[in-house]
Novice: 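Got a structure here, written out as structure tokens. Questions coming.
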Amino acid sequence: MFITEDFLLSNDTARRLYHDHAEKLPIIDYHCHLMPSMVAADYRFRSITELWLGGDHYKWRAMRANGVPEEYITGKADDWSKFQKWAETVPYTLRNPLYHWTHLELKTAFGIDELLTPATARAIYDHCNDMLQHGGLTARALMRLYHVETVCTTDDPCDTLEYHRRVKAEGFEIKMLPAWRPDKAMAVNDTDAYNAYMNRLGETVGKDIKHYDDLIDALKTRHDFFARNGCSVADHALAEVPFAPCGRDEAAKLWQRVREGETLDKAGTARLQTALLLEFCRMNHEKGWVQQFHIGALRNVNTRGFRALGPDTGYDTIGDWSCAEHLAGLLDALDVDDCLAKTILYNLNPTDNTVLAAMIGTYQDGLTPGKMQLGSGWWFNDQLTGMRQQMEALSLQGLLSRFVGMLTDSRSFLSYPRHEYFRRLLCDILGNDVERGLIPREAMERVEGMVEDISYYNAKNYFGF
């Protein structure tokens with residue numbers, strides 16, 4: 001058996017911390033990309049292939065690296081053929097987090113202890129499909145299985161939130177809340193796409209977006225609408241952190257040029273994006289929301305792949321832009337006006353761990369415990385090494401005890417074991433510190449509380465769910 005009850009737990013203290021204090025706590029998944037329509041419909045997956053491979057670009061990248069043709073990844077091959085190619089790939093993922101995730105998911109959702117190999121693939125495929133079709137493992141059932149308490153989806157300002165409202169009206173016991181993601185309203189570098197989006201936003205609010213003030217008013221209207229539907233979290237994707245301040249009049253003129261079809265130069269784009277981001281952040285602060293900045297993704301770098309499949313299909317990578325100066329400028333501009341909301345900073349480039357861990361300490365307010373957060377290991381970093389490096393940086397520069405913990409950042413209903421993976425690692429790190437004498441045994445009550453807080457209670461209190 002590979003995934004034992006003591007998987008990743010290397011000493012007695014770690015095992016006690018996990019089993020007695022982390023294992024059974026509910027999950028608060030405060031940032032994910034689940035499809036709300038699937039939760040509303042209590043979607044029944046036709047096969048393990050759809051559930052597992054349907055939108056998982058982590059697996060797609062691994063299969064491409066293993067020489068699997070695209071027909072068996074995102075193409076028209078049948079479900080069994082795609083699963084078979086994934087099963088052929090899994091033995092080659094040793095030391096990749098996919099190997100651990102794959103077997104954690106098989107065990108926790110389907111009770112399978114066998115390793116997935118070409119030899120076991122057919123039996124595992126049939127067993128999983130039988131449970132999905134006849135064993136009640138629908139979308140909502142999977143959320144219940146993993147003891148999920150709250151999820152925050154990722155939603156555009158134009159979204160109707162109809163599925164969130166339906167789920168709430170039906171009395172589903174797990175909270176599914178929207179998260180405000182206004183990235184398209186800031187994407188002024190692509191003039192055609194931006195103007196198409198402005199037209200869509202205008203249709204959503206019932207008013208033409210002709211002027212900069214119209215845009216801000218429309219976004220405030222949608223921000224209010226999201227708040228009325230339970231939203232208290234904002235997400236902002238920032239490849240390069242923009243900070244080139246300009247006055248409102250200049251921002252309005254720059255925006256008008258974009259609206260008239262002009263492509264701004266890099267400096268003009270930075271000024272306009274800075275103005276827009278500051279507007280968004282002030283809205284977040286006014287409502288007491290938590291804002292999350294996802295920093296450093298270099299997207300769609302494979303032109304052929306992007307043209308064939310579109311965004312979010314495995315053709316993104318880590319950017320290496322400098323972020324410290326602009327980020328400090330942005331946060332300071334908000335703090336000077338006393339309108340800096342609770343903020344979580346995620347870095348995609350692991351070299352920025354210590355930079356951001358130090359940055360958050362500069363803007364703690366002395367009133368809100370853990371107001372500024374270094375987000376958990378994100379995307380390319382949500383594995384043992386990346387999560388460990390993130391926690392080490394936070395421990396050295398700030399207060400790990402106030403950390404709000406893990407999230408899935410996933411489109412898959414089978415990704416919840418990432419919380420277990422994280423909790424096991426957290427307990428092993430702290431257990432090793434105790435065993436080595438770096439944390440006194442007299443402080444065990446605080447260590448136990450620390451595990452429970454990082455696993456669950458810090459997030460619950462921080463977000464107010």
Novice: If you look only at distance, which donor and acceptor atoms sit under 3.5 Å apart when one is on a side chain in residues 232-243 and the other is two or more places apart or in another chain?
Specialist:
from	atom 1	to	atom 2	distance (Å)
D235	OD1	Q292	NE2	2.7
D235	OD2	H31	ND1	3.2
H236	NE2	N284	ND2	3.2

Novice: Return yes when atom CE of M35 has more than 12 non-hydrogen atoms of other residues, nucleotides or ligands closer than 6.0 Å, and no otherwise.
Specialist: no

Novice: Take atom NZ of K287 as the centre, draw a 6.0 Å sphere, and report whether it contains more than 12 heavy atoms from other residues, nucleotides or ligands.
Specialist: yes

Novice: Rounded to the nearest 0.5 Å, what's the gap from NE2 on H21 to CG on L430? Could you check?
Specialist: 11.5 Å

Novice: Assess whether a salt bridge exists between R446 and D453, defined as any Lys/Arg side-chain N lying under 4.0 Å from an Asp/Glu carboxylate O.
Specialist: yes

Novice: Could you tell me whether the side chain of D56 and the main chain of L53 form a donor-acceptor pair under 3.5 Å?
Specialist: no

Novice: Looking only at non-hydrogen atoms, find the nearest pair between P178 and T153 and report the distance.
Specialist: CA-OG1, 3.8 Å

Novice: Atom SG of C158 and atom CG of L219: how far apart are they, to the nearest 0.5 Å?
Specialist: 8.5 Å

Novice: Please list, chain by chain and in numerical order, all residues satisfying salt bridge (Lys or Arg N to Asp or Glu O under 4.0 Å) with E50, sequence neighbours excluded.
Specialist: R46

Novice: Spell out, as yes or no, whether a donor-acceptor pair under 3.5 Å connects the side chain of N381 to the backbone of L348.
Specialist: yes

Novice: Does any N or O in the side chain of Y194 come within less than 3.5 Å of the main-chain N or O of K184, such that one atom is a donor and the other an acceptor?
Specialist: no

Novice: Walk me through whether T150 and Y30 qualify under side chain to side chain contact (heavy atoms under 4.5 Å, CB included).
Specialist: CA-CA 7 Å; T150 304; Y30 54 85; over 6 Å; no

Novice: Can you run down the ring-ring contact (aromatic ring centres under 6.0 Å, His included) pairs that involve residues 214-234, sequence neighbours left out, and say none if there aren't any?
Specialist: W180-H223, W180-F226, H223-W289

Novice: Around D320, counting heavy atoms of other residues, nucleotides and ligands shown, do more than 12 lie under 6.0 Å from its CG?
Specialist: no

Novice: Can you list, pair by pair, the side-chain donor-acceptor contacts under 3.5 Å of residues 94-101, counting residues two or more places apart and other chains?
Specialist:
from	atom 1	to	atom 2	distance (Å)
N96	OD1	L98	N	2.8
H100	ND1	Y421	OH	2.6

Novice: For the pair E420 and R424, find out whether any cationic side-chain nitrogen is under 4.0 Å from an anionic carboxylate oxygen.
Specialist: yes

Novice: Rounded to the nearest 0.5 Å, what separation is found between the CG atom of L414 and the CG atom of L104?
Specialist: 11.5 Å

Novice: Taking H211's backbone N and O only, do any of them form a donor-acceptor pair with D214's side chain (distance below 3.5 Å, no angle check)?
Specialist: yes

Novice: OH of Y315 to NE2 of H57: how many Å apart, nearest 0.5 Å?
Specialist: 12.5 Å

Novice: If every non-hydrogen atom of Y197 is compared with every non-hydrogen atom of P157, which pair is closest and at what distance?
Specialist: OH-CD, 3.6 Å

Novice: List the atom of C323, the atom of L356, and the distance in Å for their closest heavy-atom pair.
Specialist: SG-CD2, 4.1 Å

Novice: Any pair with a residue in residues 344-363 that passes salt bridge (Lys or Arg N to Asp or Glu O under 4.0 Å), sequence neighbours left out, goes on the list, sorted by first then second residue, please.
Specialist: none

Novice: Within the distance-only criterion (no hydrogens, no angle test), does the side chain of D29 pair as donor or acceptor with the backbone N or O of L407 below 3.5 angstrom?
Specialist: no

Novice: Can you confirm whether the side chains of S410 and S415 place a donor and an acceptor under 3.5 Å from each other?
Specialist: yes

Novice: Excluding sequence neighbours, so at least two apart, what forms ring-ring contact (aromatic ring centres under 6.0 Å, His included) with F465?
Specialist: F463

Novice: Charged N to carboxylate O under 4.0 angstrom, K82 versus E71?
Specialist: no

Novice: Below 3.5 Å, can you tabulate the donor-acceptor pairs from side chains in residues 389-403 to any protein atom, sequence neighbours excluded?
Specialist:
from	atom 1	to	atom 2	distance (Å)
Q390	NE2	L374	O	3.0
Q390	NE2	G375	O	3.1
S395	OG	M391	O	2.6

Novice: Say you draw a straight line from CG of L327 to CG of D332; how long is it, rounded to the nearest 0.5 Å?
Specialist: 11.0 Å

Novice: State, without any angle test, whether W378 and D409 hold a side-chain donor-acceptor pair at a distance under 3.5 Å.
Specialist: yes

Novice: Does R144 have any side-chain contact (heavy atoms from CB on, under 4.5 Å) partners at least two apart in sequence or in another chain, and if so, which?
Specialist: R140, F172, E173, I174

Novice: Please check if atom CG in D249 has more than 12 non-hydrogen atoms from other residues, nucleotides or ligands closer than 6.0 Å.
Specialist: no

Novice: How close do L425 and L384 get, counting heavy atoms only, and between which atoms?
Specialist: CD2-O, 3.7 Å

Novice: For the CD atom of E448 and the CG atom of L17, what is their distance to the nearest 0.5 Å?
Specialist: 6.5 Å

Novice: Strictly distance-based, threshold 3.5 Å: is any side-chain N or O of T154 a donor or acceptor partner for the main-chain N or O of C32?
Specialist: yes

Novice: If you take all heavy atoms of D365 and T368, which pair is closest and at what distance?
Specialist: OD1-N, 2.8 Å

Novice: When you look at T74 and R64, which way does the side chain to side chain contact (heavy atoms under 4.5 Å, CB included) test go after all the steps?
Specialist: CA-CA 11 Å; T74 61; R64 290 171 190 145; 4.3 Å; yes

Novice: State whether the side chain of T191 and the backbone N or O of V258 hold a donor-acceptor pair below 3.5 Å, judged by distance alone.
Specialist: no

Novice: For E250, check side-chain hydrogen bond (donor to acceptor under 3.5 Å, both in side chains) against everything at least two apart and list the hits.
Specialist: R271

Novice: Do any N or O atoms from the side chain of R165 and from the backbone of T160 form a donor-acceptor pair under 3.5 angstrom?
Specialist: yes

Novice: Of all the heavy-atom pairs spanning H419 and M406, show the shortest one and how long it is.
Specialist: CE1-O, 3.2 Å

Novice: Are the side chain of T408 and the backbone of Y416 linked by a donor-acceptor contact shorter than 3.5 Å?
Specialist: no

Novice: Kindly indicate, with the supporting measurements, whether the criterion side chain to side chain contact (heavy atoms under 4.5 Å, CB included) is fulfilled by L309 and E70.
Specialist: CA-CA 10 Å; L309 300 175; E70 199 65 33; 3.4 Å; yes

Novice: Begin with the C-alpha distance, continue with both residues' side-chain angles, and end with the deciding distance and a verdict on side chain to side chain donor-acceptor pair (under 3.5 Å) for T138 and D42.
Specialist: CA-CA 6 Å; T138 60; D42 197 14; 2.7 Å; yes

Novice: Counting N and O atoms only, with roles assigned by atom type, does the side chain of Q364 sit under 3.5 Å from a partner on the main chain of M372, one being a donor and the other an acceptor?
Specialist: yes

Novice: Taking salt bridge (Lys or Arg N to Asp or Glu O under 4.0 Å) as the test, write out the residues that go with K175, two or more places apart.
Specialist: none

Novice: Just to verify, what does R411 make a salt bridge (Lys or Arg N to Asp or Glu O under 4.0 Å) with, not counting sequence neighbours?
Specialist: D312

Novice: Can you tell me which residue pairs pass the salt bridge (Lys or Arg N to Asp or Glu O under 4.0 Å) test with a partner in residues 151-160, sequence neighbours excluded?
Specialist: D159-R200

Novice: Cation-pi between R418 and Y58: NZ/CZ under 6.0 Å from ring centre and within 45° of the ring axis?
Specialist: yes

Novice: Please walk me through it: do I27 and H147 pass side chain to side chain contact (heavy atoms under 4.5 Å, CB included)?
Specialist: CA-CA 6 Å; I27 286 175; H147 202 189; 5.7 Å; no

Novice: Hey, is NZ on K371 packed in by over 12 heavy atoms from elsewhere, all under 6.0 Å?
Specialist: yes

Novice: Quick one, N195 with N199, criterion side chain to side chain donor-acceptor pair (under 3.5 Å). Give me CA distance, side-chain angles, the key distance, then yes/no.
Specialist: CA-CA 6 Å; N195 282 318; N199 295 338; over 6 Å; no

